[in-house]
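Comments concern the structure below.
Side-chain atoms are counted along with the backbone in the values below, which use heavy atoms only and exclude waters and symmetry mates.
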There are 2 protein chains.
Amino acid sequence: MRVLRIFAILDRLRVHRHPISAQLLADALNVSIRTIYRDMATLQAMGAPVRGEGGVGYQIGKGYFLPPLHFDPDELDAIVLGMRLVAARGDGPLADAALRASAKINAVLSDEHRETYSDRPLLAYSVQAETADQSIAFLSPVRAALRERQRLYISYRDLKGRGSTRHIRPLGLTAFDRVWLLTAWCETRADFRNFRVDRMRSVERTGETFRREPGKEFNDYLRTL
Amino acid sequence: MRVLRIFAILDRLRVHRHPISAQLLADALNVSIRTIYRDMATLQAMGAPVRGEGGVGYQIGKGYFLPPLHFDPDELDAIVLGMRLVAARGDGPLADAALRASAKINAVLSDEHRETYSDRPLLAYSVQAETADQSIAFLSPVRAALRERQRLYISYRDLKGRGSTRHIRPLGLTAFDRVWLLTAWCETRADFRNFRVDRMRSVERTGETFRREPGKEFNDYLRTL
DNA sequence: AATACCCTGACAGATTGTGTCAGGGTCGAT
DNA sequence: ATCGACCCTGACACAATCTGTCAGGGTATT
C-alpha cells in the first residue's frame, strides 16, 4: 500500500533531524529507490517542504507538521473567538476551513489547554448566519481570485438599484460589521472602487460563472442599511 | 491522489467531536461511499484510532501519532481573518492577544506560507474600533471571571435607562454583530439573564473594581440600536 | 577522477484503486 | 416489528496507478 509507505516516510523524515538518503528509505521500506523518488515527488506535490540535496539526502522543512504550540489564556480566547467569528460570518468553504483550522490548533495544544479549548464560553453570532441568505454566496470565488491575483468579471447592482457589469482586479476584502466589502481596481472605470459582496449578482472567474439564486438578492435587514 | 484524500479525511474527522457519516465524507470529497469505506480500512491499518459505529458515523480518537499538517489556503484565510476580526472588535488585552497568537502561528509556517500570511488581503473593520469608545472596556475582567468561574458584581443600566446592581455568575460571552452579550445566572433575580457588556457601568471581580470613564457610556451608533 | 547522492524519462507488466451491484449487520425511532 | 440510517464486506470489471528496470544527467564533496 502506497499510502502506508508515504506515511512511513513522513514519519521517518519527521523523526530524523539529519538528512536521510533515498537508498536508506528504499531499503527500510523494501522498495526500489526509484519508488522513493516518486514518493518524494508526490509528497512535494502535496505541498510538503521536503528538500533533497545532491550528495546529502532528504530533509523536511518546518511548517509542514504543526509543532506543539503554547498559548496563554488570552491568546486561546482570541483564537477560539476568531475561528467562531469566521465560522459564523464566512461563506460555507470559509466557515468549514475555520472549523478545520480550529481543530488543528486544538490538536497541537499542550494537554492542559486542550481540555478547555473547545469548552470556552465564547460564542460568535451573526445576523447573516441566522438569515441564511445568499449575501455571501460569492465570498469563495472572490477569495480565490484574490489569492491567485486573477481578474473578475462581475455583475453589480449599485445603491440606486442600477445594474452594471465590470472587469475588476480584486485587491482586498474587508469584513465590516454586517457587510463584506471588496476593494478592487475597476478596469471598466479605470479607478479604485469598493463593491459590496452582497450586491453582486454574478461573478465570473477563469471561465466559471457563479450566480445567485433568483429572488434572494437582498434580504430585509440589508435593505435598511 | 489517494494520499491527499486520506489526509483530508483525517482533517475532517478532527473537526467533529460528533460522528460524521461516510456518506457526508463521500460527498465532500467527490468519491463514492465505497471508497470512503476502503480509505477507512487503510486508515485503521495504519493504526489510526478511527472508530465506526453502525447507525452513527465515524469518529477519531485522541493521540494520533502524526500531528496535523500545514494549513491549507482556506484555513489560512480563516485564521488571518479571525485574528483580525478579534483584533478589531475585542478589548485591548484580547486584541493584543490576537496579535500575539497570530505571530505565533506565523512563526511555525513554512517559508512560502509565511510570506503570504501577513500580506493576505483580508481585513476586518469594526465600527467599535473607529469610535474607540469604552463599550468593551469590561470585556477583559468579564472574560477572566468566565475563565476562573468567578462571580461578578456589576452595575448595569437596562434598556429604559434604569440602573441596578447584580451579583451574577458568568456563563458565556457572545459576539454579536455590534454588541457583546454576557449570559449569566443572576443571583439577585435567581434567573438566567443576558447583559450587554456596553451597558455595564462598573464590574467588580475578586475585590478589584473596574469603572468606565464618565460621560462615555453610550456612543451614537449604539444608541440607535 | 571518483564517489555519493539527487533527479528525470520511458516502458511494460503487475498492482491497486474505483464504482457498481448485492448483500449483512446494529441501532434507534415509528 | 418494520423502517431508515448507518457501518461493513464481498465480488467484478475496468481504469488508473504504481513499480522495477534501464538509461541517462545533475551537483556537490573527497
Under 4.0 Å from OP1 or OP2 of D/dC7: is there any side-chain N or O of B/Tyr58 that close?
no

Categorize B/Arg5 for me: base, sugar-phosphate, or nothing, with a 4.0 angstrom heavy-atom threshold over every strand shown.
sugar-phosphate

Quickly work out the A/Tyr37 OH to D/dG26 P distance and round it to whole Å.
16 Å

Salt-bridge test for A/Arg100 and B/Asp11: reply yes if a basic N is under 4.0 Å from a carboxylate O, no otherwise.
no

If each of B/Thr42 and B/Arg34 is mapped to the nucleotide of DNA chain C with the nearest heavy atom, which maps nearer the 5' terminus, i.e. the 5' end?
B/Thr42

Report which part of the nucleic acid A/Met1 touches: base, sugar-phosphate, or nothing (heavy-atom distance under 4.0 Å, all strands).
sugar-phosphate

Value in whole Å for how far the C1' atom of D/dC7 lies from CD of B/Gln59
14 Å

Would you kindly give the CG-to-P distance between A/Leu25 and D/dG20, to the nearest whole Å?
14 Å

For the base of C/dG19, is there a side-chain donor-acceptor partner from B/Arg38 under 3.5 Å away?
yes

Just how far, in rounded Å, is C1' of D/dC8 from CZ of B/Arg51?
17 Å

Interatomic distance, B/Leu4 CG vs C/dG17 P [rounded to whole Å]
14 Å

Atom CD1 of A/Ile36 and atom P of D/dT19: how far apart are they, to the nearest Å?
9 Å

Looking only at the side chains, is there a donor atom on one of A/Tyr153 and A/Thr165 sitting less than 3.5 Å from an acceptor on the other?
yes

A/Leu182 versus A/Pro170: any side-chain heavy-atom pair under 4.5 Å?
yes

With no hydrogens and no angle check, is any side-chain donor or acceptor of B/Thr188 less than 3.5 Å from a backbone partner on B/His167?
yes

Winner on side-chain proximity to B/Ser32, out of C/dC6, C/dG19, C/dT18, is C/dG19

Using atom CD of B/Gln23 as one end and atom C1' of D/dC8 as the other, report the distance to the nearest whole Å.
14 Å

Could you state the atom-to-atom distance from CD1 of B/Ile60 to P of D/dC7 in whole Å?
15 Å

Mind checking if A/Arg2 touches a base, just sugar-phosphate, or nothing, with heavy atoms under 4.0 Å?
sugar-phosphate

Heavy-atom nearest nucleotide on DNA chain C for B/Val31 versus A/Ala41: which residue maps closer to 5'?
A/Ala41

If you measure from the Lys or Arg side-chain nitrogens to the Asp or Glu carboxylate oxygens, is any gap between A/Glu187 and A/Arg166 under 4.0 Å?
no

